[in-house]
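Below you'll find the structure, written out as structure tokens, and then a few comments.
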Amino acid sequence: MTNIYTPYLAKIKKIIKETHDVKTFQLELVNPESKKKFNYQPGQFAEFSVFGVGESTFCLASTPTRPEVLECSVKKAGKVTSAIHELWEGDTVGIRGPYGNNFPVKQLKGKNLVFVGGGIGLAPLRSLINFVLDNRGDYGNICLVYGARTPGDLVYKKELEDWDKTPDFATHITVDKSAGNWKGTVGFVPVILGEVAPGAENAVAITCGPPIMIKFVVKELSELGFKAADIITTLEMKMKCGLGKCGRCNIGKVYVCKDGPVF
Ligand SMILES: Cc1cc2nc3c(=O)[nH]c(=O)nc-3n(C[C@H](O)[C@H](O)[C@H](O)COP(=O)(O)OP(=O)(O)OC[C@H]3O[C@@H](n4cnc5c(N)ncnc54)[C@H](O)[C@@H]3O)c2cc1C
Ligand code: FES
């Protein structure tokens, strides 16, 4: 019988340093059979293991429309994430998944999409954004409001520039506190969202970031006319199994790992 906790082996193809504490890992599953089995959708997550250290949960920041590599962006937080940051290109790690539900890519067809992200919370949004760009004819205009604490904390800087040059894609980047030669916007994400005021008609908003940001973003979105049904968020709870077995991630009767993380 297969053990549900056995990870697939994956080789680190490339490591991109995003900020002082975030690195993006491009991974390739070693076994061709596991490549076939690892079918994921934007919004899903995986358990990433460093052998001899432990496992941690990360969303899949890549899009299934670009199947060459799987990507996870990892912020250094504690034991496992520090060990992940010590890894080198060519090292082998374990991956279990994909787990959880996903963004409703079919229901979003024909809609204008408003993405609101904070810090590393851009990672799951990036998966959906690139999915939408790879299926451009199926979706309406895109608006992104993204912020980080300082300019140095912004992730995917090169991609942000590329998105900014993409037709029908409005990007609004902001930082809480200016530093260095930053000439861009300064202000909290919910405030900038209110200033940008994307139209709510035929639009769906998708948000991910720190809980306090999500709280004020949802408030701002409802003031802009977005109904609760048109606001999607992805939640992060401390997880262990990722499979609805250990009871670590529940909010009332809901298991974030199984019923979410997309709500
Ligand atoms: C569905 C989901 C998707 C996630 N996606 C990403 C991602 O794409 N990139 C990323 O960098 N992180 C992501 N996280 C958070 C990541 O799982 C934790 O930061 C990581 O597990 C910490 O492990 P550690 O052993 O390094 O930290 P620990 O040594 O276990 O803890 C260090 C600190 O981090 C806190 N912490 C641990 N786990 C979590 C958690 N799940 N959420 C919030 N705080 C936590 C602890 O309370 C403690 O304060 C995600 C979490 C979930 C549940
Ligand atoms: S992480 Fe074990 S039940 Fe959700």
Side-chain angles (χ1 to χ4, degrees), residues 3-5 7 10 12 15-27 40-64 69-87 93-103 115 117-131 146 148-149 153-156 159 206-215 232-263:
N3 184 328
I4 51 173
Y5 298 108
I12 301 176
I15 301 174
I16 301 153
K17 192 168 163 46
E18 304 280 356
T19 72
H20 72 284
D21 61 356
V22 177
K23 286 183 181 175
T24 295
F25 294 81
Q26 293 190 344
L27 307 164
Y40 73 100
Q41 287 292 308
Q44 288 196 285
F45 66 90
E47 292 291 332
F48 190 120
S49 47
V50 182
F51 301 118
V53 182
E55 275 191 324
S56 263
T57 315
F58 302 104
C59 70
L60 293 154
S62 45
T63 163
V69 284
L70 296 170
E71 287 178 305
C72 289
S73 297
V74 178
K75 184 174 174 130
K76 208 175 183 177
K79 192 174 137 220
V80 177
T81 49
S82 296
I84 293 173
H85 272 242
E86 296 297 314
L87 295 169
V93 294
I95 283 223
R96 286 196 288 127
Y99 296 136
N101 64 356
N102 53 272
F103 293 116
F115 292 92
I120 188 71
L122 187 57
L125 303 185
R126 175 191 187 236
S127 175
L128 182 57
I129 291 171
N130 284 330
F131 180 93
Y146 170 57
R149 258 176 291 162
D153 292 306
L154 294 166
V155 294
Y156 312 132
E159 227 161 353
I206 304 113
T207 182
C208 184
I212 185 77
M213 185 208 87
I214 292 182
K215 182 179 161 188
I232 297 172
T233 182
T234 97
L235 293 183
E236 285 189 8
M237 287 289 287
K238 231 173 160 172
M239 288 185 189
K240 194 159 174 71
C241 70
L243 288 160
K245 305 260 181 220
C246 71
R248 290 286 181 99
C249 68
N250 66 306
I251 306 175
K253 285 187 182 155
V254 174
Y255 287 91
V256 176
C257 70
K258 237 178 66 182
D259 305 314
V262 176
F263 291 95

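Order of listing sets the numbers, starting from 1, for every ligand and every atom in it. What you are looking at is a predicted structure, and each value in this text was computed from that prediction instead of being measured.
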Which pair of non-hydrogen atoms, one from [X] and one from [Y], has the smallest distance, and what is that distance?
X	Y	result
F51	P7	CE2-CG, 4.4 Å
G117	M213	C-SD, 3.9 Å
L27	F48	CD1-CE1, 3.7 Å
D153	H20	OD1-CE1, 3.3 Å
R126	A61	NH1-O, 3.2 Å

Identify, for [atom], the protein heavy atom at the shortest distance, and state residue, atom and that distance.
atom	result
atom 43 (C) of ligand 1	E236 OE1, 4.5 Å
atom 2 (C) of ligand 1	T57 CG2, 3.6 Å
atom 31 (O) of ligand 1	G78 CA, 4.3 Å
atom 29 (O) of ligand 1	K79 N, 2.9 Å
atom 26 (O) of ligand 1	T81 OG1, 2.4 Å
atom 32 (C) of ligand 1	A77 O, 3.4 Å
atom 23 (O) of ligand 1	S56 OG, 3.0 Å
atom 37 (C) of ligand 1	K238 CE, 3.4 Å
atom 3 (S) of ligand 2	G247 N, 3.2 Å

Using a 4.5 Å cut-off on heavy atoms from C-beta on, say whether the side chain of [Y] contacts that of [X].
X	Y	result
F103	S127	no
V80	E55	no
T57	Y99	no
V93	F25	no
I84	K23	no
F45	T234	no

Report yes if [X] has an N/O atom closer than 3.5 Å to an N/O atom of ligand 1; otherwise report no.
X	value
S82	no
M239	no
L235	no

* Closer than 4.0 angstrom: is that true for some heavy atom of C72 and an atom of ligand 1? ->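 False for this residue.
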Look up [atom] and tell me if a protein heavy atom lies less than 4.0 Å from it?
atom	result
atom 6 (C) of ligand 1	yes
atom 35 (C) of ligand 1	no
atom 49 (O) of ligand 1	no
atom 52 (C) of ligand 1	yes

With a cut-off of 4.0 Å, which atoms of ligand 1 are near a heavy atom of [X]?
X	result
S73	7 (C), 8 (O), 9 (N), 10 (C), 11 (O)
V74	11 (O)
K75	10 (C), 11 (O)
M237	41 (N), 53 (C)
V80	24 (P), 25 (O), 26 (O)
C59	3 (C), 4 (C), 5 (N), 6 (C), 7 (C), 8 (O)

Per-atom contacts of ligand 2 with [X], taking only distances under 4.0 Å to non-hydrogen atoms:
X	answer
G244	3 (S)
M239	1 (S)
K240	1 (S)
C246	1 (S), 2 (Fe), 3 (S)

* To do: Specify side chain, backbone, both or neither for K245, according to which of its non-hydrogen atoms lie closer than 4.0 Å to ligand 2.
  =>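 It is the backbone that touches ligand 2; the side chain stays farther off.
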Donor-acceptor pair, [X] side chain versus [Y] backbone, under 3.5 Å?
X	Y	value
Y40	G97	no
Q44	G100	yes
R96	E47	no
T19	D21	yes

* Calculate the angle formed at atom 4 (Fe) of ligand 2 by SG in C249 and SG in C257; 10° precision is enough. =>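 Vertex at atom 4 (Fe) of ligand 2: approximately 100°.
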* Side-chain donor-acceptor contact under 3.5 Å, T24 with E18 ->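 Yes, because at least one side-chain N or O of T24 sits under 3.5 Å from a partner of the opposite role on E18.
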* To do: Could you confirm whether C241 has any N/O/S atom lying under 2.8 Å from atom 2 (Fe) of ligand 2?
  =>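 Checking C241: at least one N, O or S atom is under 2.8 Å.
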* Asked: What do the steps show when you test V22 against S73 for side-chain contact (heavy atoms from CB on, under 4.5 Å), and what is the final call?
  -> CA-CA 7 Å; V22 177; S73 297; 4.3 Å; yes
